[in-house]
Amino acid sequence: MTAKPFALQELPTDLMQERMPRHVAVIMDGNGRWAKRRGLPRIMGHRRGVDVLKSLLRCCRDWGIEALTAYAFSTENWGRPTEEVEFLMTLFERVLRQELQEMMQEDVQIRFVGNLVMLPRSLQAEIERAVTETQKNHGIRFTVATNYGGRQEILQACRAIATQVQAGQLEPEEIDQAVFERHLYTAGICDPDLLIRTSGEMRISNFLLWQMAYAEIYVTNTLWPDFNGEEFHRALINYQQRDRRFGKVNAP
Ligand code: FPP
């Protein structure tokens, strides 16, 4: 059951290169429901979800998008059945090991955001290897949010900044948005322009809370394992029709 849902390579002619998002973020929801509808175990949905993510990454790179961030595992996901959590951890590790060579060939720079020290040691080692080996690649910046929570990220930034203030290295008046952003896991990555969430849920679920301030949100009822190039194309057409004012008004 190999998914080949992204047939397109060239940027479709109805998309404007100059209005493409620089950074796309995805909440890959609906894997479990996809599997259940087919009478399969939930893990089959996650497995298929990896194929979709790989295809989306390639598509983003081909269409000139600079960054893709995927929400793979939230701080709340530890509450799932142990077998599912263990399956996901093993899946992440295996995918990283198997795909490293291809990421090098395709010039992908991978990075992880989240509280990584709580992940299994062997997964941490695989993450470190993939991040180090791909750090000089420039084709696309691929960020995987793993054991990630937006509130937790903001709190750890506050703690780090407070520590600097306490040590006399920083004045409270010097704390501005740029200082704050340097303490987020995503330091150095531009904010997402477009958030895509599959499976119809209208929420951001603790994902990139700070960074999502001006993101355009696109929600589709399609379940993640069925997400494909056509659907991504539709999301981008929709995005390009939006009037992004960032709180300002357009000149008359
Ligand atoms: C949400 O669907 C999906 C997840 C919590 C896991 C997503 C992970 C992947 C697709 C693997 C990515 C792999 C790498 C290496 C980045 P759900 O299980 O909540 O679906 P449901 O809402 O239908 O139950």
Side-chain angles (χ1 to χ4, degrees), residues 1-3 5-6 24-58 60-61 67-103 106 108-114 116 119-120 122-131 133-134 140-150 185 195-208 219-228 231-232:
M1 196 167 32
T2 313
F6 288 72
V24 174
V26 280
I27 300 183
M28 311 177 284
D29 202 7
N31 293 348
R33 273 164 284 171
W34 181 89
K36 195 168 169 216
R37 281 181 199 173
R38 285 163 179 74
L40 298 168
R42 293 175 54 83
I43 58 167
M44 295 303 285
H46 298 316
R47 206 174 262 172
R48 164 95 171 205
V50 173
D51 292 339
V52 175
L53 183 58
K54 274 171 55 184
S55 304
L56 175 65
L57 177 63
R58 192 167 292 134
C60 284
R61 199 207 50 175
L68 173 70
T69 297
Y71 204 2
F73 194 86
S74 75
T75 44
E76 289 70 37
N77 286 154
W78 295 107
R80 294 184 173 219
T82 315
E83 315 83 70
E84 185 172 340
V85 171
E86 280 173 5
F87 175 84
L88 281 169
M89 295 298 147
T90 312
L91 180 72
F92 298 153
E93 199 176 319
R94 202 182 55 224
V95 170
L96 276 179
R97 206 170 24 244
Q98 284 173 354
E99 302 299 327
L100 183 55
Q101 206 181 344
E102 208 164 329
M103 287 194 286
E106 301 203 1
V108 175
Q109 182 191 86
I110 194 168
R111 182 170 164 167
F112 282 76
V113 290
L116 307 181
L119 301 175
S122 51
L123 174 56
Q124 288 185 48
E126 216 56 65
I127 288 176
E128 205 177 309
R129 190 161 78 104
V131 169
E133 289 203 21
T134 64
I140 185 164
R141 194 168 231 195
F142 177 41
T143 304
V144 184
T146 312
N147 192 24
Y148 175 87
Y185 299 133
L195 168 68
I196 298 175
R197 179 164 190 153
T198 54
S199 97
E201 245 69 74
M202 302 278 186
R203 41 175 187 266
I204 53 174
S205 301
N206 207 13
F207 188 38
L208 301 175
V219 176
T220 167
N221 287 327
T222 302
L223 304 177
W224 178 253
D226 286 329
F227 190 78
N228 57 28
E231 186 85 54
F232 186 44

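Since this is a predicted model, take the numbers as computed values, not measurements. Atoms within each ligand, like the ligands themselves, are counted from 1 in listed order.
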Geometric N/O contact Asp29 with ligand 1, under 3.5 angstrom: yes
Looking only at protein heavy atoms, what sits closest to atom 6 (C) of ligand 1 is Ala72 O, 3.4 Å
Arg38 side chain to Trp34 main-chain N or O, any donor-acceptor pair under 3.5 Å?
-> yes
Here the atoms of ligand 1 under 4.0 Å from any heavy atom belonging to Val95 are 15 (C)
protein heavy-atom neighbour closest to atom 10 (C) of ligand 1 works out as Asn31 ND2, 3.6 Å
In this structure, atom 1 (C) of ligand 1 is nearest to the protein heavy atom Met28 O, 3.1 Å
* Asked: Is a side-chain N or O of Ser205 found less than 3.5 angstrom from the main chain of Phe207, in a donor-acceptor match?
  -> no
Next item on the list: Using the salt bridge (charged side-chain N to carboxylate O under 4.0 Å, His left out) rule, take Arg33 and Glu201 through it: C-alpha gap first, then chi angles, then the decisive distance, then the call.
Entry: CA-CA 13 Å; Arg33 273 164 284 171; Glu201 245 69 74; 3.5 Å; yes
**Asked** So is Gly30 in contact with ligand 1, going by heavy-atom distances below 4.0 Å?
**Response** yes
Here the atoms of ligand 1 under 4.0 Å from any heavy atom belonging to Val144 are 16 (C)
Between Leu100 and Ala130 the two heavy atoms that sit nearest each other are CD1-CA, 3.9 Å
shortest atom 4 (C) of ligand 1-to-protein heavy-atom contact is with His46 CE1, 3.8 Å
Ranked by distance from atom 14 (C) of ligand 1, the top protein heavy atom is Phe92 CD2, 3.8 Å
Within 4.0 Å of some non-hydrogen atom of Val50, the atoms of ligand 1 are 11 (C), 13 (C)
(request) Would you check whether Arg42 reaches within less than 4.0 Å of ligand 1, judged by its heavy atoms? (result) yes
Checklist entry - For Ala35, does its backbone N or O pair with a side-chain atom of Arg42 as donor and acceptor, under 3.5 Å? => result no
For atom 22 (O) of ligand 1, the closest protein heavy atom turns out to be Arg33 NH2, 2.8 Å
- Any N or O of Trp34 that comes nearer than 3.5 Å to an N or O of ligand 1? no
If you scan protein heavy atoms around atom 19 (O) of ligand 1, the nearest is Arg80 NH2, 2.7 Å
Problem - Polar proximity ligand 1 side, Asn77 side, N/O cut 3.5 Å exclusive - result: no
Nearest heavy-atom contact between Thr134 and Gln109 is O-CG, 3.4 Å
Given the options Tyr148, Trp78, Phe87, Phe73 meets ring-ring contact (aromatic ring centres under 6.0 Å, His included) only with Trp78
Contact between Glu99 and ligand 1, counting heavy atoms under 4.0 Å? no
Problem - Within 6.0 Å of CD in Glu128, more than 12 heavy atoms from elsewhere - result: no
Is the side chain of Asn206 donor-acceptor paired with the backbone N or O of Gly150 at a distance under 3.5 Å, no angle test?
yes
Margin query: Counting only nitrogen or oxygen atoms and a 3.5 angstrom limit, does Gly32 reach ligand 1?
Written below: yes
In Thr69, Leu208, Val219, Ile27, the residue satisfying side chain to side chain contact (heavy atoms under 4.5 Å, CB included) with Leu195 is Ile27
